[in-house]
Amino acid sequence: MPIIKLPDGTSREYDTTVSGIEIAASIGPSLAKAALLVEVNGDLCDLSLPISEDAEIRIITEKDEEALEVIRHDSAHILAEAVKELWPETQVTIGPAIDNGFYYDFARETPFSIEDLELIEKRMLDIVSRNEKIEREVWSRNDATEFFSQAGEHYKAEIISGLPEEEPITIYRQGKFVDLCRGPHLPSTGRVGAFKLLKVAGAYWRGDSQNEMLQRIYGTAWSTKKELDLYLQRLEEAEKRDHRRLGRQMDLFHFQEESPGAVFWHPKGWRLFRSLVDYMRERQELAGYVEINTPEIMDRSMWEASGHWQTFRQHMFTTQTEDSRIFAIKPMNCPGGVQVFRNNLRSYRELPMRIAEFGKVHRYEPSGSLHGLMRVRAFTQDDAHIFCTESQVQDECCSVVELILSIYKDFGFADVKIKFADRPEVRIGSDETWDKLESALRGALDSMGYKYEVNPGEGAFYGPKIEFVLTDAIGREWQCGTLQVDLNLPERLDANYIGIDGEKHRPVMLHRALFGSLERFTGILIEHYSGNLPLWLSPLQVVVASITNEIDDYARQVLDSLRSKGLKAELDIRNEKIGYKIREHSIAKVPIIVALGAREVENNTVAIRRLGSKN
RNA sequence: GCCGCCGUAGCUCAGGGGUAGAGCGCGCCCUUGGUAAGGGCGAGGCCGUAAGUUCAAUUCUUACCGGCGGCACCA
């Protein structure tokens with residue numbers, strides 16, 4: 001006799017075991033019609049699941065957020081069913097819901113083509129209109145293994161063997177399609193909303209590059225067609241703010257195949273880049289940093305001493321001279337920084353010593369990972385190494401965190417996630433030292449009252465780290481800043497200072513970068529602002545555009561006066577109509593256009609037009 | 001690095017076994033026009049690179065290079 005409590009606080013008693021759909025029906029026919037799932041004591045379940053004991057339930061309809069994930073998951077199942085109908089020899093593997101949609105990974109010899117996608121999508125619509133019942137069954141482990149092995153679904157069989165003993169093996173059946181799945185699912189295939197298949201891609205089985213590659217099909221799914229269309233529209237918008245496209249339109253930079261992953265900065269792009277450096281230089285000086293510069297190329301022995309040769313070799317560019325000496329082009333700035341520190345005998349009085357370097361590093365990144373400015377092989381870090389005593393670690397970390405957050409705010413990033421990564425399994429240093437460093441790092445965050453996520457075991461082998469992830473205007477996350485505590489390098493490269501006791505001591509070394517890579521940060525800024533950079537960052541702030549050539553001299557005067565005020569201004573006295581000039585400079589995202597005609601000359605004024613305005 | 005797709009003018013792209021086309025941009029001329037494209041004429045291409053098939057390859061095949069979308073990597 002279950003007593004069912006509903007969200008509005010009322011309870012209903014049922015004579016026998018009752019299912020979600022029956023409860024919904026007993027409340028009202030329209031609810032029964034709209035019901036997709038039921039939440040029982042906080043767990044999302046199938047509507048058909050029998051409830052035999054007292055429970056708090058909630059009927060989930062298309063309006064509830066929870067429904068969307070299930071709609072996406074069901075879309076994945078329908079995708080798999082369609083593929084199995086079209087190509088029965090294809091093996092199914094896994095197919096989860098993801099942000100905005102779903103995917104399903106298939107094992108088959110020939111990859112899917114774009115044309116296949118259309119075919120599959122048609123078949124999926126077919127399955128939806130068949131409105132097949134989706135039924136849950138619990139099987140024994142043996143039966144399930146047997147069934148999937150017999151069916152040639154070896155991946156499914158492998159998944160079952162990996163499930164914990166106590167976990168029930170649930171099977172979902174829709175039409176002739178039978179899939180191993182935890183669920184829950186909608187009552188039938190007709191209940192999914194609007195979906196669209198988007199792309200095919202390769203993906204490794206279980207996400208491991210050692211494993212075979214599967215064929216993944218991505219799709220997006222929504223409760224309604226309207227939401228789907230909105231999403232597709234959003235994708236188009238996102239494409240418009242792609243920094244690679246805007247980089248061309250704004251004439252900021254280009255790439256070419258002789259140097260994959262390396263930027264050719266154009267004058268305006270380089271001006272933007274320099275603005276970032278100038279800004280950072282100013283902030284760092286105020287924060288008590290000194291700036292150095294160290295060689296791009298150093299002898300192999302340096303990298304052997306630092307440990308990079310052993311652990312980072314595959315990412316390093318090297319060069320060999322006529323006399324057969326091997327040099328490496330630096331992939332990191334830290335060994336150079338340590339050399340500057342240890343070039344003098346240091347006193348504890350000099351600590352903390354904050355040494356910054358805008359160092360250009362080269363890393364041989366995998367070809368498939370290159371992506372515009374976001375992932376390059378040659379980039380400039382706003383790097384710094386802080387040498388300090390163990391007791392200074394926490395204060396120094398606090399200052400770095402404060403500096404980072406304050407700087408991000410200046411660039412319009414208020415939403416910053418902080419992640420804390422502690423000791424990994426493979427590490428150096430004693431547990432006592434790790435305790436000290438971790439508590440110093442966490443203490444810094446705690447003392448400042450910042451919330452942070454913990455990534456257990458994700459720290460560097462030489463010390464714990466903090467990562468700063470910022471969210472851009474369209475909600476994407478970017479890891480930029482990082483703060484790492486290091487005991488390894490000072491040891492390996494023999495950095496030390498003389499303590500108050502007159503003895504040599506090992507300093508702690510903090511590695512930190514705020515923008516991370518200046519190239520990447522530039523890319524993020526371009527996309528965040530959709531190219532409409534704030535005035536202070538804009539590499540070209542004002543264009544002085546003449547309406548007729550008769551006033552060219554006046555335009556020159558205005559230009560000179562703007563430039564003398566420190567504004568980045570250019571002149572456009574080409575023989576073109578003003579509308580044409582406005583259009584061209586608007587596409588190039590120039591924030592201010594000053595239009596000059598006879599009227600302005602007469603009154604000794606200017607007509608100002610802000611980017612995007614009507615007039 | 002792995003899977004798939006792509007590589008034709010500065011850009012965006014069409015074409016297709018008989019050595020190439022559009023729009024924009026660029027140059028010259030006309031036009032001096034008041035807030036997102038005024039008009040005319042013209043110049044621009046070893047069809048990514050190399051091999052193979054063929055009487056003939058930009059077109060078909062293969063390899064390589066590069067790009068794009070994912071995966072893996074990075075952080």
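Below, read A as the first sequence line, B as the second, and so on, with proteins coming before strands; counting in each chain starts at 1.
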Could you tabulate the donor-acceptor pairs under 3.5 Å formed by side-chain atoms of residues 229-238 of chain A, not counting sequence neighbours?
| from | atom 1 | to | atom 2 | distance (Å) |
| --- | --- | --- | --- | --- |
| A:D229 | OD1 | A:K225 | NZ | 3.1 |
| A:D229 | OD2 | A:K225 | NZ | 3.0 |
| A:E237 | OE2 | A:K240 | NZ | 3.4 |

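Ion pair A:D422/A:K465 not flagged as a salt bridge, since none of the NZ, NE, NH1 or NH2 atoms sits closer than 4.0 Å to an Asp/Glu carboxylate oxygen. Ion pairing between a basic and an acidic side chain is recognised when a charged N comes within 4.0 Å of a carboxylate O; A:R574 and A:E584 show such pairing. Salt bridge annotation for A:D242-A:R244: present, with a cationic side-chain nitrogen under 4.0 angstrom from a carboxylate oxygen. Using a cutoff of 4.0 Å between basic side-chain nitrogens and carboxylate oxygens, A:D383 and A:R512 are not scored as salt-bridged. Classification of A:E365 and A:R375 as a salt-bridged pair holds, one side-chain N sitting under 4.0 Å from a carboxylate O.
Looking at which nucleotide of RNA chain B each of A:M213 and A:G481 is closest to, the 5′-most match is held by A:M213. Mapped onto RNA chain B by nearest heavy atom, A:G207 and A:E584 fall at different nucleotides, with A:E584 at the one closer to the 5' end.
When the side-chain nitrogen and oxygen atoms of A:K199 are compared with OP1 and OP2 of B:G70, one or more of them lie within a distance under 4.0 Å. For B:G69, neither phosphate oxygen OP1 nor OP2 lies less than 4.0 angstrom from any side-chain nitrogen or oxygen of A:Y103. Look at A:H371 and you'll find a side-chain N or O under 4.0 angstrom from OP1 or OP2 of B:G69. Taking side-chain N and O atoms only, A:Y204 has no distance below 4.0 Å to OP1 or OP2 of B:G1.
Nucleic acid contact for A:R244: sugar-phosphate only, since backbone atoms but no base atoms lie under 4.0 Å from a heavy atom of the residue. The residue A:A203 sits close only to the backbone: its heavy atoms come under 4.0 Å of sugar-phosphate atoms, none of a base. As judged by a 4.0 angstrom heavy-atom cut-off over every strand, A:Q215 is placed among residues touching the sugar-phosphate backbone only.
Under the 3.5 Å distance criterion, the side-chain polar atoms of A:S259 are left unmatched by any main-chain donor or acceptor of A:A262. A:Y408 places a side-chain N or O within 3.5 Å of a backbone atom of A:L514 that can act as its donor or acceptor partner. A:E121 places a side-chain N or O within donor-acceptor distance of the main-chain N or O of A:L197, the cut-off being under 3.5 Å.
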Which atom pairs link the protein and nucleotides 32-34 of chain B when you take only N or O atoms and keep those under 3.5 Å?
| from | atom 1 | to | atom 2 | distance (Å) |
| --- | --- | --- | --- | --- |
| B:U32 | O2 | A:N549 | N | 2.8 |
| B:U32 | N3 | A:N549 | OD1 | 2.7 |
| B:U32 | O4 | A:N549 | OD1 | 3.1 |
| B:G33 | N7 | A:I547 | O | 2.1 |
| B:G33 | O6 | A:I547 | O | 3.2 |
| B:G33 | N1 | A:N575 | OD1 | 3.0 |
| B:G33 | N2 | A:N575 | OD1 | 3.1 |
| B:G34 | O6 | A:A598 | N | 3.3 |
| B:G34 | O6 | A:R599 | N | 2.8 |
| B:G34 | N1 | A:E600 | OE1 | 2.7 |
| B:G34 | N1 | A:E600 | OE2 | 3.3 |
| B:G34 | N2 | A:E600 | OE1 | 3.4 |
| B:G34 | N2 | A:E600 | OE2 | 2.9 |

Pairs: protein N or O with nucleotides 64-66 of chain B N or O, under 3.5 Å:
| from | atom 1 | to | atom 2 | distance (Å) |
| --- | --- | --- | --- | --- |
| B:C65 | O2' | A:E257 | OE1 | 3.4 |

Output a table of nitrogen or oxygen pairs between the protein and nucleotides 10-16 of chain B separated by less than 3.5 Å.
| from | atom 1 | to | atom 2 | distance (Å) |
| --- | --- | --- | --- | --- |
| B:U12 | OP1 | A:R248 | NH1 | 3.2 |

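Taking all atoms of both residues into account, the shortest heavy-atom contact from A:S586 to A:R609 is OG-NH1, 4.1 Å. Closest approach of A:L596 to A:A555, counting heavy atoms only: CD1-CA, 3.5 Å.
Under 3.5 Å, the side chain of A:R363 and the base of B:C73 form no donor-acceptor pair of N or O atoms.
Nearest nucleotide to the side chain of A:Y218, out of B:A75, B:C71, B:C3: B:C71. Side-chain proximity of A:R609 to B:G25, B:C73, B:A36: nearest is B:A36.
Taking the centre of each ring, A:Y104 and A:F106 come in below the 6.0 Å mark. Aromatic rings of A:Y452 and A:F468 (six-membered ring for Trp) have centroids beyond the 6.0 Å cut-off, not under it.
Side-chain atoms of A:S546 and A:K581 include a donor-acceptor pair closer than 3.5 Å. In this model, a donor atom of one side chain and an acceptor atom of the other lie less than 3.5 Å apart for A:Y218 and A:R216.
Residues from residues 511-531 of chain A placing a heavy atom under 4.0 Å of any atom in RNA chain B do not occur.
Taking the six-membered ring where tryptophan is involved, the planes of A:H371 and A:H243 are tilted, since the angle between them lies from 30° to 60°.
Syn is the classification of B:G44, since its glycosidic angle stays within 90° of 0.
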>> Could you spell out the base pairing of RNA chain B as a dot-bracket line? Use Watson-Crick and G-U wobble contacts where both distances are under 3.5 Å, [ ] for crossing pairs, | for partners on a different strand.
In response: (((((((..((((....[..)))).(((((.......))))).....(((((..]....))))))))))))....
